[in-house]
Amino acid sequence: MKTYDISIPITTDMPVWPGDPRVSVQRVAKIEEGDEANITHISMSAHSGTHVDAPFHFVKDGKTLDEVPLKLMMGRAYVLHLPDVDLITADVLTQADIPPRTRRVLFKTRNSDLWARGEKEFQTDYVALSADGAEYLVGRGVKLVGIDYLSIAPFTDPRPTHEILLKADVMILEGINLSKV
């Protein structure tokens, strides 16, 4: 098994969800200016770059991240490469031949090209998972689903996909870079 770093570096010019604060990184103490140590202050939304959506994100009484077992986010994952898909539906997933007993699925789509190109502006036409696709994954017993952009759900209707997954305690990993996987 090979291990990959699929995280997005935190930078001040990275794309963020429309309406979220931009990332701010400021050095507030500098050795070269006589300070004992270099200290950096970072300010950003918890949904910047690579991040996990816990059930509480869309479910009123859902678990917060500190209540979710870390083991859900560790271990083997099946990377499903879907280069020509605009929306990941139940039909797409049925035809994808995902191995039995798969518990972690990561979607590699044309979104990864955005990270590879270093795109700085938020894209609203990213590839996402439909509500029926989310229901399909829940029915299969998937416990973690990841996607190579800042949301698992379509930009125009994010609630249904998130709610289906999070009400079933399926962890969502967003903002991953699978361009080299």
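Below, all heavy atoms of this structure are taken into account, side chains as well, without hydrogens, waters or symmetry copies.
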I need the [X] [atom1] to [Y] [atom2] distance, nearest 0.5 Å.
{"X": "R101", "Y": "R76", "atom1": "CZ", "atom2": "CZ", "value": "12.5 Å"}
{"X": "L144", "Y": "K71", "atom1": "CG", "atom2": "NZ", "value": "14.0 Å"}
{"X": "M171", "Y": "K63", "atom1": "CE", "atom2": "NZ", "value": "9.5 Å"}
{"X": "H41", "Y": "I39", "atom1": "NE2", "atom2": "CD1", "value": "12.0 Å"}
{"X": "M14", "Y": "R22", "atom1": "CE", "atom2": "CZ", "value": "9.0 Å"}
{"X": "Y126", "Y": "N111", "atom1": "OH", "atom2": "CG", "value": "9.0 Å"}

Donor-acceptor side-chain pairing of [X] and [Y] below 3.5 angstrom:
{"X": "T89", "Y": "D91", "answer": "no"}
{"X": "D148", "Y": "T109", "answer": "yes"}
{"X": "D53", "Y": "H162", "answer": "yes"}

- [ ] Apply the test side-chain contact (heavy atoms from CB on, under 4.5 Å) to residues L93 and I98: give CA-CA distance (whole Å), side-chain angles for both, the deciding distance (0.1 Å), then the verdict.
- [x] CA-CA 7 Å; L93 295 172; I98 299 170; 4.1 Å; yes

Quick check: do [X] and [Y] have side-chain heavy atoms less than 4.5 Å from each other?
{"X": "K108", "Y": "L80", "answer": "no"}
{"X": "L106", "Y": "V181", "answer": "no"}
{"X": "T50", "Y": "E174", "answer": "no"}
{"X": "V23", "Y": "T11", "answer": "no"}
{"X": "D113", "Y": "S179", "answer": "no"}
{"X": "K167", "Y": "L165", "answer": "no"}
{"X": "D169", "Y": "P55", "answer": "yes"}
{"X": "V28", "Y": "T40", "answer": "no"}

Lys/Arg-Asp/Glu bridge criterion (N-O < 4.0 Å) met for [X], [Y]:
{"X": "R110", "Y": "D86", "result": "yes"}
{"X": "D35", "Y": "K30", "result": "no"}
{"X": "E32", "Y": "R27", "result": "yes"}

Shortest non-hydrogen contact between [X] and [Y], atoms and distance:
{"X": "A37", "Y": "A29", "answer": "O-CB, 3.4 Å"}
{"X": "L178", "Y": "S112", "answer": "N-OG, 3.2 Å"}
{"X": "D20", "Y": "S45", "answer": "OD2-OG, 3.3 Å"}
{"X": "V142", "Y": "V105", "answer": "CG2-CG2, 4.1 Å"}
{"X": "F155", "Y": "P18", "answer": "CE1-CG, 3.9 Å"}
{"X": "A128", "Y": "I147", "answer": "CA-CD1, 3.9 Å"}

Are there more than 12 heavy atoms of other residues, nucleotides or ligands under 6.0 Å from atom [atom1] of [X]?
{"X": "D66", "atom1": "CG", "value": "yes"}
{"X": "F56", "atom1": "CZ", "value": "no"}
{"X": "E67", "atom1": "CD", "value": "yes"}

Open item on the list: Are F107 and Y78, when compared by the centres of their aromatic rings, separated by less than 6.0 Å?
Closed with: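 No.
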
Expected output: side-chain [X] to main-chain [Y] donor-acceptor under 3.5 Å:
{"X": "R104", "Y": "M74", "result": "yes"}
{"X": "T94", "Y": "A90", "result": "yes"}
{"X": "T161", "Y": "L129", "result": "yes"}

same_hphob_cluster([X], [Y]) at 4.5 Å side-chain heavy-atom cutoff:
{"X": "Y4", "Y": "I8", "answer": "no"}
{"X": "L65", "Y": "I172", "answer": "no"}
{"X": "L114", "Y": "I88", "answer": "no"}
{"X": "L82", "Y": "L87", "answer": "no"}

Open item on the list: The test is side-chain contact (heavy atoms from CB on, under 4.5 Å); show your working for M73 and L70 and say whether it passes.
Closed with: CA-CA 6 Å; M73 293 174 266; L70 188 58; 4.3 Å; yes

